[in-house]
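Accompanying notes for the structure given below.
No experiment lies behind these values; they were computed from the predicted model shown.
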Amino acid sequence: MKHAAGTLAFIARFVVLGLAAAFVISLLWPNVGNRLRQHFGVGQPAVEAPAAATPPARISGPASYADAVSRAAPSVVNIYANKMVTEQAVQMYTDPVLQRLFGGRPAGPAYKKREQNLGSGVIVSSQGYVLTNNHVIANADDIQVLLYDGRVAKAKVVGADMETDLAVLKIDAGNLPVIHIADRQPVRTGDVVLAIGNPLGLNQTVTMGIVSAIGRQLSSGSPEDFIQTDAAINLGNSGGALVNTEGELVGINTLLIGKAANAEGISFAIPVANAKKVLDQIIDTGHVVRGWMGADYTFVPVAADSGLPAAARGAVVTDIYPGGPAAQAGIQPHDILLRLGKEDIVDPADLRRHEAALKPGSKVEVSGLRNGTPFRTEVILAQRPPLTPTASLDG
């Protein structure tokens, strides 16, 4: 019994001595325990650090648009429209009063000289059809087209439409690079676009911007709408291509608001869908025909406290042309038109587009509100009379 007690006392003293030694060692060498555990493969598994939050995906554009330009640029041509103009030499009056009142008087016979108008165009068919602006080639006696590969072709006018300021030319040449038309999805505000053309005679110039707005109406009486962009375009860009980042045609550059109006970065292009409709009609018949009701419209006024949505549907009739289709159908000023045929009317621009798309002579039902009371009538459309063309980019 005494032997067992002695053994236990010895073990207790050994354990106490060992713990004391371990305490001293841990004070002198703090990391020795970890090293021993790592050496013998003993210890708790390492605790994984919490995973860092995954940053949101960033959407970025391409570093270069060279591929889009290489696809579209060969289809863009330079147009040189030449015409003879008659001018009269003038001799200024020496008297300051007469000079201020009359300027001068004719001096000698009138003479003729050649003027050249610069513009751009887009090859839209392998048959040689080129789409451009009407003001580029208007009254031209001779039209020359410079192709991307350096070839020069004489062009003839197939037809023109003053209302949209579009014209279709025809050239006889082989192996023509036809531009791809964007028809998969409509252009959106904020989309990156590239303008390709012949500004100031600088061949094949590319500028970049975004679509600033769509559906711009520049004339209250016209059914056409425009793409507004801040891509830099200048004199000579008229008729050139506005393309997306895939090199597909989305519009035809046609006009700008310049610094004379204290504006910068405000340019307009004809949407490719509208341009293609004009193109097809001109190729088929040589001209464009539009339906017309003989009335002017504006937006439906909505009071701020009315509880109605701001974008109210329909169009308010502001004026009726005497003897026109609307007058004969009994439509009156202040009528609110809500439906044309099977189509609901969204706003005045929408009504003009639907109206213009119908053939003259067709009968269509019009319905709406008159003094708050529903009404409906039938209108036999006439052909739209010529309208004053929109101001041009080079005008």
Side-chain angles (χ1 to χ4, degrees), residues 65-82 117-138 140 142-161 164-184 187 193-199 201-207 227 231 233 236-254 269-284 286 288 392-394:
Y65 298 101
D67 291 340
V69 173
S70 65
R71 284 191 287 268
S75 305
V76 181
V77 301
N78 297 350
I79 295 178
Y80 303 91
N82 304 298
N117 196 18
L118 300 180
S120 307
V122 184
I123 300 173
V124 292
S125 167
S126 58
Q127 284 74 42
Y129 291 110
V130 176
L131 197 57
T132 186
N133 281 148
N134 176 59
H135 73 266
V136 171
I137 54 86
D142 175 66
I143 303 172
Q144 301 291 328
V145 174
L146 174 63
L147 303 181
Y148 182 81
D149 57 9
R151 290 181 293 169
V152 177
K154 184 178 178 63
K156 66 176 182 179
V157 180
V158 179
D161 180 47
T164 56
D165 193 23
L166 286 172
V168 179
L169 307 179
K170 179 75 162 54
I171 59 175
D172 292 325
N175 299 321
L176 293 175
V178 179
I179 200 162
H180 295 282
I181 294 178
D183 53 8
R184 290 176 295 178
V187 66
V193 286
L194 310 171
I196 308 176
N198 181 30
L202 300 172
N203 183 24
Q204 288 291 325
T205 297
V206 182
T207 55
I227 299 169
I233 60 175
N237 272 112
S238 285
L242 188 72
V243 304
N244 59 22
T245 55
E246 300 297 322
E248 300 171 325
L249 184 69
V250 298
I252 301 294
N253 296 319
T254 188
I270 302 166
V272 69
N274 296 354
K276 193 172 185 309
K277 292 176 183 177
V278 172
L279 170 70
D280 293 340
Q281 286 199 55
I282 288 179
I283 291 176
D284 291 341
V288 179
S392 68
L393 181 144
D394 295 327

Taking atom [atom1] of [X] and atom [atom2] of [Y], what is their separation to the nearest 0.5 Å?
| X | Y | atom1 | atom2 | value |
| --- | --- | --- | --- | --- |
| Asn203 | Leu118 | CG | CG | 11.0 Å |
| Ile233 | Thr205 | CD1 | OG1 | 12.5 Å |
| Asp142 | Asn82 | CG | CG | 5.0 Å |
| Leu249 | Asn244 | CG | CG | 9.0 Å |
| Leu131 | Ser125 | CG | OG | 11.0 Å |

For [X], check side chain to side chain contact (heavy atoms under 4.5 Å, CB included) against everything at least two apart and list the hits.
| X | value |
| --- | --- |
| Val158 | Tyr129, Val168, Lys170, Ile282 |
| Thr245 | Tyr65, Val192 |
| Val77 | Ile79, Ile123, Val130, Val145, Leu147 |

Using every non-hydrogen atom in the two residues, find where [X] and [Y] come nearest and quote the distance to one decimal.
| X | Y | result |
| --- | --- | --- |
| Val243 | Ile179 | CG1-CD1, 4.1 Å |
| Gln281 | Val288 | OE1-CA, 3.7 Å |
| Ile196 | Gln204 | CG2-OE1, 3.8 Å |
| Ile270 | Asn133 | CD1-ND2, 4.2 Å |
| Arg71 | Glu246 | NE-O, 2.8 Å |
| Asn253 | Ala195 | ND2-CB, 3.7 Å |

Test your reading of the model: is there a side-chain donor-acceptor pair from [X] to the backbone of [Y], 3.5 Å cut-off?
| X | Y | answer |
| --- | --- | --- |
| Asn134 | Asp161 | no |
| Ser75 | Pro177 | yes |
| Asn198 | Gly236 | no |
| Asn117 | Ala138 | no |

Side chain to side chain, [X] and [Y], heavy atoms closer than 4.5 Å:
| X | Y | result |
| --- | --- | --- |
| Val69 | Leu194 | yes |
| Leu176 | Ile171 | yes |
| Tyr80 | Ile143 | no |

Other residues, nucleotides and ligands only: do more than 12 of their heavy atoms fall within 6.0 Å of CG on Asp284? yes

